Number of protein chains: 2
Amino acid sequence: MSDTHTGVPSVLTAPLPIPVPTAEHQACPVTDVLRRAGDRWSVLILILLGKRSYRFNELHRSIEGISQRMLTRTLRGLERDGFVSRTVHPSVPPSVEYDLTDLGRTFLGPLSALADWAVLHGPDITTAREHHDAHAANHAGNGA
Amino acid sequence: MSDTHTGVPSVLTAPLPIPVPTAEHQACPVTDVLRRAGDRWSVLILILLGKRSYRFNELHRSIEGISQRMLTRTLRGLERDGFVSRTVHPSVPPSVEYDLTDLGRTFLGPLSALADWAVLHGPDITTAREHHDAHAANHAGNGA
DNA sequence: CGGCATCCCGTGAGATACTG
DNA sequence: CAGTATCTCACGGGATGCCG
């Protein structure tokens, strides 16, 4: 326990190795990955592919709520960043298989940590939110 | 080591405790938290507040690239969800102090895990990206 | 100092239709 | 089956200006 409360050593708790990307776009890998995880579908897809291989329409049906446009775009993004691999089987009709790469697999670790935290503290957030909203309503609606 | 490669037990590796939010909005706490972490400024602010208390304009200057609009909005969001606390000192001129709550502090743990992963594998992603883009350029630019 | 209101633009993301 | 293309809307997020 040197400079933090949790005792967890990390790039985040270092003096300030992340210079807080002063410029327009971030070249910061952390922000980069965070955005990835933050987008609506990537994580869902990674979770499914973590279990087994999927074909395009199989993913489409499994997620159900995603448009094929977003499925394609998200898969392309994940493929580009090396999280998933795309294998085309030249059959008729064509079939395309998506898998997690090794990189994608290692990503499930830290992702799980965050997911577990979310599940554990989700109620706390909900409570805080209701609490806050209640106060806000008081301050806005009426002082009586 | 039952159903996963990493051996990391998690809600993500369970049979499928997250029913993949079929509906429009997600009530899923995981997605919720992920979005939080994914937005551009929240994490930066949490990191700074993890070190010490900050006043509004102090944060504004420290991040520098953020508009006061977004700073306000992000702080309100974090406050609403119970990550940060806002303390008004009724002085003239007024001063407002922002701190991390206990909840916010515990969040730094899993966040660090993800940040460390990002720093560690950032190069891999960059490489994969360049590799992918190079191929894409070949396939698009010319067939000759 | 610490905000909130307004305007404005770029992108995220869904719906739909068409192709190889 | 596995996509691509277009249209559209909603939201994130920056700039500016005003108020307590």
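Because the structure is a prediction, the values reported are computed rather than measured. Naming: A, B, ... by sequence-line order, numbering from 1 per chain.
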Specify the separation, in whole Å, of atom [atom1] of [X] and atom [atom2] of [N].
X: Ile63(B); N: dG14(D); atom1: CD1; atom2: C1'; value: 15 Å
X: Gln68(A); N: dA2(D); atom1: CD; atom2: P; value: 12 Å
X: His60(B); N: dT16(D); atom1: NE2; atom2: P; value: 12 Å
X: Arg73(A); N: dG12(C); atom1: CZ; atom2: P; value: 7 Å
X: Glu97(A); N: dG3(D); atom1: CD; atom2: P; value: 12 Å
X: Leu75(B); N: dG3(C); atom1: CG; atom2: P; value: 8 Å

For the side chain of [X], counting heavy atoms from C-beta on, which of [options] is nearest?
X: Arg40(A); options: dA13(C), dC1(C), dT4(D); answer: dA13(C)
X: Trp41(A); options: dA13(C), dG2(C), dG3(C); answer: dA13(C)
X: Phe56(B); options: dA13(C), dC1(D), dG3(C); answer: dG3(C)
X: Asp39(B); options: dG3(D), dG13(D), dC1(C); answer: dG13(D)
X: Met70(B); options: dC1(D), dG13(D), dG14(C); answer: dG13(D)
X: Arg86(B); options: dG13(D), dG2(C), dC1(D); answer: dG2(C)

Within the 4.0 Å heavy-atom criterion, would you say Arg69(A) contacts the bases, only the backbone, or no part of the nucleic acid?
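If one applies the 4.0 Å heavy-atom cut-off, Arg69(A) turns out to touch a base.
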
Under the 3.5 angstrom rule, does the side chain of [X] hit a backbone N or O of [Y] as a donor-acceptor pair?
X: Asp81(A); Y: Phe83(A); answer: no
X: Ser53(B); Y: Leu49(B); answer: no
X: Arg105(B); Y: Leu100(B); answer: yes

Not counting sequence neighbours, which residues clear salt bridge (Lys or Arg N to Asp or Glu O under 4.0 Å) with Glu58(B)? List them please.
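Applying salt bridge (Lys or Arg N to Asp or Glu O under 4.0 Å) to Glu58(B) gives Arg52(B).
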
Presence of salt bridge, Arg129(B) and Asp32(A), under 4.0 angstrom:
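A salt bridge links Asp32(A) with Arg129(B).
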
So which one's nearest nucleotide on DNA chain C is more toward 5', Thr72(B) or Ser67(A)?
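Final value for this comparison: Thr72(B).
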
Residue met sooner reading DNA chain C from 5', once Arg76(B) and Gly38(A) are mapped to nucleotides:
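Closest to the 5' end, via its nearest nucleotide, is Arg76(B).
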
